[in-house]
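Below is one structure; the comments refer to it alone.
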Amino acid sequence: MTPRCVGVWGKPNAVLFPDWAYKPAWSPGSRQVQLWHFLLELLGRGEGAAIGWGGEWGEFVIRDPERLARLWGERKGKPHMNYDKLSRALRYYYNKRILHKTKGKRFTYKFNFSKLILVNYPGYPPPLGYQVITKSSPFLKGVTMETLI
DNA sequence: TACGGAAAGT
DNA sequence: ACTTTCCGTA
């Protein structure tokens, strides 16, 4: 099992999550990408046209909602995807504690990284050019690994 | 813009 | 299970 996806919080710092994050429990063989994986992919690539990190830890801003929806639709083979429907999927993340809304800030949401288990996966090297988060990573600002998990 | 119920799709 | 689709409501 290797880490499959990389999200970046201000290069060169990186966030890894393991292979099993792609697999819904009901379907061990499924590799269907989930929306929050996709968002972290785009954020990690620093492709700032559609989406970018916000000012706080885990916060992100959708800069071009319909463009983001189009990209998501392409990934999932849903040509009629739009922001209305994508945002409904984001709202389903509220109860699951994967995301919450940054109230008062347009198109701004925030990852609940503590729930996402976005910590380094011990025993595996980071992809080239990336750095694994550790307890002492300065941008964690005093948040411990135990807190994140 | 944003929310969340309801039902359908994969 | 995780959306996608649709839509009434605030």
Side-chain angles (χ1 to χ4, degrees), chain A residues 1-11 13-127 130 132-133 137 139-141 143-149:
Chain A
M1 184 164 69
T2 57
R4 179 168 294 274
C5 188
V6 180
V8 174
W9 176 259
K11 287 179 180 179
N13 298 309
V15 182
L16 305 183
F17 58 90
D19 192 50
W20 50 258
Y22 269 91
K23 300 175 185 172
W26 54 271
S27 165
S30 172
R31 297 287 168 100
Q32 179 68 291
V33 65
Q34 291 179 233
L35 179 54
W36 66 270
H37 303 152
F38 178 72
L39 296 178
L40 285 173
E41 273 184 34
L42 292 184
L43 289 165
R45 287 180 204 151
E47 294 178 1
I51 189 172
W53 289 115
E56 292 181 40
W57 167 249
E59 191 176 83
F60 62 94
V61 181
I62 299 170
R63 299 198 183 110
D64 188 338
E66 291 306 326
R67 177 170 164 76
L68 178 67
R70 184 174 56 73
L71 293 170
W72 174 233
E74 283 169 8
R75 174 66 68 92
K76 289 290 292 289
K78 295 286 180 181
H80 304 298
M81 181 53 58
N82 59 30
Y83 182 66
D84 177 64
K85 289 182 278 195
L86 184 151
S87 62
R88 182 69 188 94
L90 293 180
R91 291 194 292 276
Y92 272 122
Y93 285 152
Y94 298 168
N95 279 345
K96 298 172 73 175
R97 315 242 50 200
I98 290 172
L99 290 182
H100 65 263
K101 188 75 182 69
T102 301
K103 291 177 181 177
K105 289 187 183 178
R106 199 162 164 255
F107 304 131
T108 303
Y109 301 78
K110 190 170 172 180
F111 278 103
N112 298 324
F113 280 162
S114 59
K115 172 67 178 181
L116 286 178
I117 320 177
L118 293 166
V119 296
N120 62 324
Y121 199 73
Y124 296 99
Y130 291 96
V132 176
I133 286 177
S137 294
F139 63 92
L140 288 178
K141 294 169 188 170
V143 178
T144 66
M145 195 67 76
E146 287 75 15
T147 310
L148 286 171
I149 296 170

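Worth saying up front: this structure is predicted, and the values here are computed from it rather than measured. Naming: A, B, ... by sequence-line order, numbering from 1 per chain.
Every pair passing salt bridge (charged side-chain N to carboxylate O under 4.0 Å, His left out) that includes a residue from residues 99-110 of chain A is listed here, sequence neighbours excluded: A:E56-A:K110, A:E59-A:K105.
For A:R88, the side chain to side chain donor-acceptor pair (under 3.5 Å) partners at least two apart in sequence or on another chain are A:Y92. With sequence neighbours excluded, the residues forming a side chain to side chain donor-acceptor pair (under 3.5 Å) with A:Y83 are A:Y109, listed by chain and number. Remark: A:E66 pairs with no residue by the side chain to side chain donor-acceptor pair (under 3.5 Å) rule, at least two apart or across chains.
Taking atom CG on A:N95 and atom P on B:dA2, their separation rounds to 18 Å, with Å as the unit. Atoms OH (A:Y94) and P (B:dG5) sit 13 Å apart, rounded to a whole Å. Here the P atom of nucleotide C:dC2 and the CD1 atom of A:I98 are 7 Å apart, to the nearest Å. Here the P atom of nucleotide B:dT1 and the CZ atom of A:R63 are 17 Å apart, to the nearest Å.
Residue A:L90 holds its CG atom at 5.5 Å from CD1 of A:I62, rounded to the nearest 0.5 Å.
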Protein-to-nucleotide contact annotation, 5' to 3' order, nucleotides 3-10 of chain C [B base; S sugar-phosphate only; - none; under 4.0 Å, heavy atom]: BBB-B---
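In summary, the aromatic rings of A:W72 and A:F38 are positioned with their centroids under 6.0 Å apart.
Residue A:Y83 is in sugar-phosphate contact alone, with no base atom involved, counting any heavy-atom pair closer than 4.0 Å across all strands shown.
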